[in-house]
Amino acid sequence: MTQLSQFGQKFAQHSGIARLMQDLNEGIRTPGAVMLGGGNPAHIPEMDNYFSQLLKEMTENGSLSDAVCNYDGPQGKDTMLQALAACLKHKLGWNISAKNIALTNGSQSAFFYLFNLLGGTTKDGKKRKILFPIAPEYIGYTDSGLEEDLFVANKPTIEMLPNGQFKYHVDFAHLEIGDDIAAICVSRPTNPTGNVITDDEVEKLEALAKRHNIPLIIDNAYGVPFPGIIFTQATPRWNDNTILCMSLSKLGLPGARCGIIIANEELISAITNVNGIISLAPGGIGPAMALEMLKRDDLMRLSQDVIGPFYHQRVLETINIIRRYLPEERCLIHKPEGAIFLWLWFKDLPVSCEELYRRLKKRGVLMVPGHYFFPGLEDSWDHAHQCMRMNYVPEPELIEKGIKILAEEIENIYQPV
Ligand code: PLP
């Protein structure tokens with residue numbers, strides 16, 4: 001048996017979530033399975049055509065072979081960093097330059113770097129943690145700490161809304177920020193819930209972070225100004241105590257593996273050094289495509305005019321389907337404000353969401369049980385075992401097939417045959 005280090009033991013283990021994700025990824029063996037579990041973005045025909053045409057033009061003008069045949073620097077492609085900084089400065093008025101931006105191989109690796117640069121045991125032996133001010137939160141953070149127990153989370157308050165909807169809010173009254181907190185982190189829009197914390201909540205978190213002399217990390221994988229999968233008012237905000245993480249994935253380019261970190265120069269310099277050690281340089285194809293899109297002024301235009309409206313229409317269609325099969329008394333829905341998921345709450349469900357997941361899987365429908373999204377809270381809160389996350393991206397016919405089975409299973413739970 002190979003002897004593994006502590007790092008090896010933590011990262012090589014087949015965690016519950018890795019097994020679940022594999023399950024989702026492989027698809028289930030039932031023919032005609034309905035996969036509502038994963039996080040792949042949609043293939044929007046207009047975007048697919050746009051990317052094909054862009055790659056054709058980049059082949060012709062030599063920028064594609066330039067990207068493939070050369071290493072970029074460890075901070076990422078210089079020309080792209082400059083163009084993005086200029087664009088954000090011009091369009092949003094942010095006081096930034098290329099020195100405030102670093103690229104990574106997907107934003108997933110950006111979070112691994114950030115959480116472990118900031119959290120963990122310090123030289124003087126103090127253990128510092130990353131605080132999620134509102135849970136549920138992105139499942140992909142959960143196992144990313146080099147040390148155990150790197151994360152703490154705060155339960156939300158729940159606002160009940162008309163039409164069987166609800167919305168989570170940051171519970172500031174119970175948000176404790178002790179000396180052991182190294183950073184605050186929140187996804188906006190949130191995966192899994194589709195929540196968008198309000199401008200007011202962001203302002204309050206910014207103020208708290210500043211007061212405690214710790215950074216506020218905002219995961220903007222779905223947000224504004226790109227890819228723009230947001231259906232509510234949300235101001236894109238940045239200051240030099242904010243670490244804003246963005247990604248090209250949800251534009252429709254997850255295979256490009258391009259993450260973008262916008263932060264103060266000191267942190268960008270740290271990320272640049274980590275990039276050098278771990279990957280020499282981030283991959284160049286995504287940044288080369290983004291540069292071309294910036295030159296054509298297409299990055300934000302397509303986000304606003306094509307991507308946002310596509311997902312908005314899909315989510316409304318999916319809610320209509322859900323309501324045809326599941327009344328409000330049986331299923332509450334988190335207000336869909338962004339991202340590519342719907343978060344369903346089966347209040348007072350007599351079985352756990354894990355059991356519901358198993359029953360659905362047997363019938364060829366995959367959704368993710370909600371308790372995985374409450375790092376550090378799942379054992380202490382019933383609510384965590386009453387929710388499911390579904391991806392609303394598949395074609396409506398497939399969604400309808402899945403929802404019909406979901407409704408049947410819910411009825412079976414309440415009225416066993
Ligand atoms: N953050 C959130 C909230 C996500 O949902 C995802 C992917 O689904 C990521 C980060 C990581 O995305 P990527 O590594 O493709 O940029």
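Start at 1 and go down the list; that is how both ligands and their atoms are numbered.
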> Honestly, is Arg314 close enough over Tyr392, meaning NZ or CZ under 6.0 Å from the six-membered ring centre and within 45° of the axis?
Replying inline: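 Checked: cation-pi criterion not met.
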> Taking the six-membered ring of Phe172 as reference, does the NZ or CZ atom of Lys204 fall below 6.0 Å from its centre and within a 45° cone about the axis?
Replying inline: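 That pair qualifies as a cation-pi contact.
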> Side chains of Glu159 and His169: do they bring a donor and an acceptor to under 3.5 Å?
Replying inline: yes
> Should the pair Tyr168 and Phe166 be assigned to parallel (<30°), tilted (30 to 60°) or perpendicular (>60°) ring geometry?
Replying inline: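 Aromatic pair Tyr168/Phe166 classed perpendicular.
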> Would you say Leu131 and Glu176 make side-chain contact, with heavy atoms under 4.5 Å?
Replying inline: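 When only atoms from C-beta onward are counted, Glu176 and Leu131 do not touch, as no gap falls below 4.5 Å.
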Within the protein, flag every N or O under 3.5 Å from an N or O of ligand 1, and note the pair and distance.
| from | atom 1 | to | atom 2 | distance (Å) |
| --- | --- | --- | --- | --- |
| ligand 1 | 1 (N) | Asp219 | OD1 | 3.3 |
| ligand 1 | 1 (N) | Asp219 | OD2 | 2.5 |
| ligand 1 | 5 (O) | Asn191 | ND2 | 2.8 |
| ligand 1 | 5 (O) | Tyr222 | OH | 2.7 |
| ligand 1 | 8 (O) | Lys250 | NZ | 2.9 |
| ligand 1 | 12 (O) | Ser107 | OG | 3.4 |
| ligand 1 | 14 (O) | Ser107 | N | 3.1 |
| ligand 1 | 14 (O) | Gln108 | N | 2.9 |
| ligand 1 | 14 (O) | Arg257 | NH2 | 2.8 |
| ligand 1 | 15 (O) | Ser249 | OG | 2.5 |
| ligand 1 | 15 (O) | Arg257 | NH1 | 2.9 |
| ligand 1 | 16 (O) | Ser107 | N | 2.8 |
| ligand 1 | 16 (O) | Ser107 | OG | 2.8 |
| ligand 1 | 16 (O) | Ser247 | OG | 2.7 |
| ligand 1 | 16 (O) | Ser249 | OG | 3.4 |

>> Between Asn70 (side chain only) and Asp66 (backbone N and O only), is there a donor and an acceptor less than 3.5 Å apart?
In response: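 Yes, the answer is positive, given that a donor and an acceptor are paired below the 3.5 Å cut-off.
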